[in-house]
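Report on one structure; see the data block that follows.
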Amino acid sequence: MSQLSLFNSLTREKEVFSPIDPSHVKLYACGPTVYNYAHIGNARMAVVFDLLSRVLKTQFPKVTYVSNITDVDDKIIAASAETGEAIDVITCKFTDIYNDDMAALGCAKPDIQPRATTHIGEMIALITRLIEKGHAYEGEGHVLFNVPSFPAYGALSGRSRDEQIAGARVEVASYKKDPADFVLWKPSSDDEPGWDSPWGRGRPGWHIECSAMAEKHLGLPFDIHGGGADLKFPHHENEIAQSCCGVGALDDASAFAKVWVHNGFVTVEGEKMSKSLGNFTLAHELLDEGIKGEVIRLALLSAHYRQPLNWSEQAVHQAQSLLNKMYALLESMPHAEAGDVPPQILEALCDDLNTPKVISELHLLVAAKDVAGLKAAGDVLGILQEDPADWLSVDETETEQFDALLAERDQAKADKDWARADAIRDELAGHGYKIVDTQDGAQLQKL
RNA sequence: GGCGCGAUGGCAGAGUGGCUAUGCAGCGGAUUGCAACUCCGUGUAGACCAGUUCGAUUCUGGUUCGUGCCUCCA
């Protein structure tokens, strides 16, 4: 059996994964703040950690994958103010859309998907504990984490507290004892969402929810904590500080989570996809355009998860092309059953999720007509879950408008009027369809 | 400025101290309709400069360039 290795951001080394309890592996990944649609950069995180949980499940008898929904945040408040929709309407709506879109990308729902707003009590309890232990203090209605009280601060991001201060863009509010201190709890005005607490009506800071929810659902320490690379600092660094201090592990940044896994960004023309740059593509839009979820998923896995992934038509095209090939083979052998996951696939996955290598192995499986291996590989990768005939056909209601053209082309072929036949092919290509002549006559496929 | 990451053939993208990555595109061929699909064949790439070595794309150092975090961010 292949042994899983993962690059641990905390040690900056690829390590053989060795669970705290091999009978129950625990994984947490920071999920979305639900105030709008997920773009494919957000989707990459969901796909990567879904894949990791699937691979873990092939290696260990029990895996609990937790990924949260952040449903209290200043951005949500701002979105509500802008649209006039109630906050819970917005968060419910976009939670559902997120789950639907990720399901379309082949992501199983996490075993537990905790919401921040249903864990306020746990957050207050953790904050209270931090105050009691001298790691947090109250000031002007805020509760702040005192960074100098945690000697191991900076272990994950590799920056010292002095460097962070040198960044100079940190807001130094009057109630902060140290410029690096960050908010655990902040006061809410009457028109903002808030909960009663020992420090007055307020709401949690951004970082505390993950500490509280991970501890509640997984216990400390747990095995793997993941998220996008941009969360390393300050979010994950602060989670470590809160959680380690909560359990009194002042010098051990691994007392929260043992292995930290960070996925790289999706880029567009070499630049990070981000909302502020406006260069984002929504997963929802791509699905609406008729690009299949599995195509998006495979395209997102076409680069190694820690490398940047440049989103392009060509990446989509390559993923589509491979899936078409695989489904065509599956259709030709409809009664084949899934076998064991081919060892070379498992080996590549176990090597820090080397999905580009996996994809090359998929091509080789197609060439070898190894349907049983492909099906098994598809199950662990979260692809090849559709009916091959459905995959290869196109929606007839969409294409019946072209039936007359196809009939005309059949006649043109019979008349050996190749110029006309090819003109029709070109015309349909303009509509996004490819004509494939089969024994049953001409059929259309999406380009 | 501080701290990271990266640089592979037209494009995407791996492994590897010496032995074909893989795919997309292109080109040649078979089949076909002079198409499409399919099949066969086809690519001396490794930013630059040193060093280690019998031998480096792979290890080490430096340079250049790109990019990310340091502020909300997957």
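Within every chain, numbering begins at 1; the chains are lettered A, B, ... in the order of the sequence lines, protein sequences first and strands thereafter.
- A/V266 comes within 4.0 angstrom of a base, heavy atoms only.
- Looking at heavy-atom distances under 4.0 Å, A/K272 makes contact with a base.
- Residue contacts for A/N42: at a heavy-atom cut-off of 4.0 Å it reaches a base atom on one of the strands shown.
- Taking the six-membered ring wherever Trp is involved, the centroid distance between the rings of A/F94 and A/Y37 falls below 6.0 Å.
- Whole-Å rounding puts the A/K232 NZ to B/C5 P distance at 8 Å.
- A donor-acceptor pair under 3.5 Å is formed between the side chain of A/E294 and the backbone N or O of A/L384.
- Nucleotides B/U58 and B/C49 place their P atoms 13 Å apart, quoted to the nearest Å.
- The A/Q318 side chain lies nearest to B/G23 when the options are B/G23, B/A14, B/A74.
- A distance of about 15 Å separates the C1' atoms of B/G23 and B/G15, rounded to the whole Å.
- For A/Q314, the side-chain atoms get nearest to B/G10 when compared with the rest of B/C72, B/A74, B/G10.
- Side-chain rings of A/H119 and A/H217 approach one another, their centers coming within less than 6.0 Å.
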Base contacts versus sugar-phosphate-only contacts with protein, heavy atoms under 4.0 Å: please encode nucleotides 38-45 of chain B as B, S and - from 5' to 3'.
--------

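- Nucleotide B/U31 has no partner under the Watson-Crick or G-U criteria, as no pair reaches both atom distances under 3.5 Å.
- Distance A/N310 CG to B/G68 P: 11 Å, rounded to the nearest Å.
- The heavy-atom pair separating A/S2 from A/E347 by the smallest distance is OG-CA, 3.6 Å.
- Residue-to-nucleotide proximity on RNA chain B shows that, of A/L277 and A/A315, the 5′-proximal contact is made by A/A315.
- Nearest-nucleotide positions on RNA chain B for A/G228 and A/G270 put A/G270 closer to the 5' end.
- Across all strands shown, A/R409 has heavy atoms under 4.0 Å from base atoms, whether or not it also approaches the sugar-phosphate.
- The aromatic rings of A/F222 and A/F256 sit perpendicular, their planes meeting at an angle over 60°, well past the 30° parallel limit.
- No contact: A/E361 has no heavy atom under 4.0 Å from any strand.
- When the nucleotides B/U22, B/C70, B/A14 are ranked by their closest atom to the side chain of A/H304, B/A14 comes out on top.
- The same atom, C1', is picked in B/U52 and in B/U20; the two are 29 Å apart, to the nearest Å.
- Remark: the backbone N or O of A/N68 is not paired with any side-chain donor or acceptor of A/R115 at under 3.5 angstrom.
- Per the geometry, CD belonging to A/E271 stands 10 Å off P belonging to B/C69, to the nearest Å.
- In this entry the distance linking CG of A/L231 with C1' of B/G4 reads 16 Å, nearest Å.
- Taking the six-membered ring for Trp and the full ring otherwise, A/H236 and A/W260 have centroids separated by under 6.0 Å.
- Atom name P, nucleotides B/G62 and B/C5: the rounded distance is 13 Å, in whole Å.
- Using a 4.0 Å heavy-atom criterion, one finds that A/T267 contacts no nucleic acid atom at all.
- The OH atom of A/Y305 sits 20 Å away from the P atom of B/G68 (whole-angstrom rounding).
- Ionic pairing of A/R420 and A/D415 is not present here: no N-O contact between side-chain nitrogen and carboxylate oxygen is shorter than 4.0 angstrom.
- For A/S312 (side chain) and A/A315 (main-chain N/O), a donor-acceptor pair under 3.5 Å exists by modelled atom type.
- In terms of phosphate contacts, A/S321 brings a side-chain nitrogen or oxygen within less than 4.0 Å of OP1 or OP2 of B/C24.
- The partner of B/G15 cannot be assigned: no Watson-Crick or G-U wobble pair with both contacts below 3.5 Å exists in any strand.
- With both ends at atom P, the span from B/A25 to B/U60 equals 37 Å, rounded to whole Å.
- Considering only side-chain atoms of A/M273, the nucleotide from B/A74, B/A14, B/A35 that sits closest is B/A74.
- The partner of B/C24, taking Watson-Crick or G-U wobble pairs whose two distances both stay under 3.5 Å, is B/G10.
- Taking the C1' atom of each, B/U57 and B/G18 are spaced 12 Å apart, rounded to whole Å.
- In this structure, the CD1 atom of A/I424 is 16 Å from the P atom of B/A36, given to the nearest Å.
- Checking B/C3 for Watson-Crick or G-U wobble geometry (two distances, each under 3.5 Å) identifies B/G68 as its partner.
- Side chain of A/D230, nearest nucleotide from B/C72, B/U22, B/A74: B/A74.
- Here the separation of B/G46 from B/C40, taken at their C1' atoms, is 29 Å to the nearest Å.
- Residue A/F233 places its side chain closer to B/C70 than to any other of B/G23, B/A21, B/C70.
- For A/H317, the listed nucleotide lying nearest its side chain is B/C24; candidates were B/G13, B/C24, B/A74.
- Rounded to whole angstrom, the span from the CG atom of A/L298 across to the C1' atom of B/G13 amounts to 13 Å.
- Remark: B/U52 base-pairs with no nucleotide in the shown strands. Criterion, Watson-Crick or G-U wobble with two distances under 3.5 Å.
- Judged purely by atom type and a 3.5 angstrom limit, A/D340 has no side-chain atom pairing as donor or acceptor with the backbone of A/P342.
- Look at the P atom in both B/G66 and B/U71: the space between them is 24 Å, to the nearest Å.
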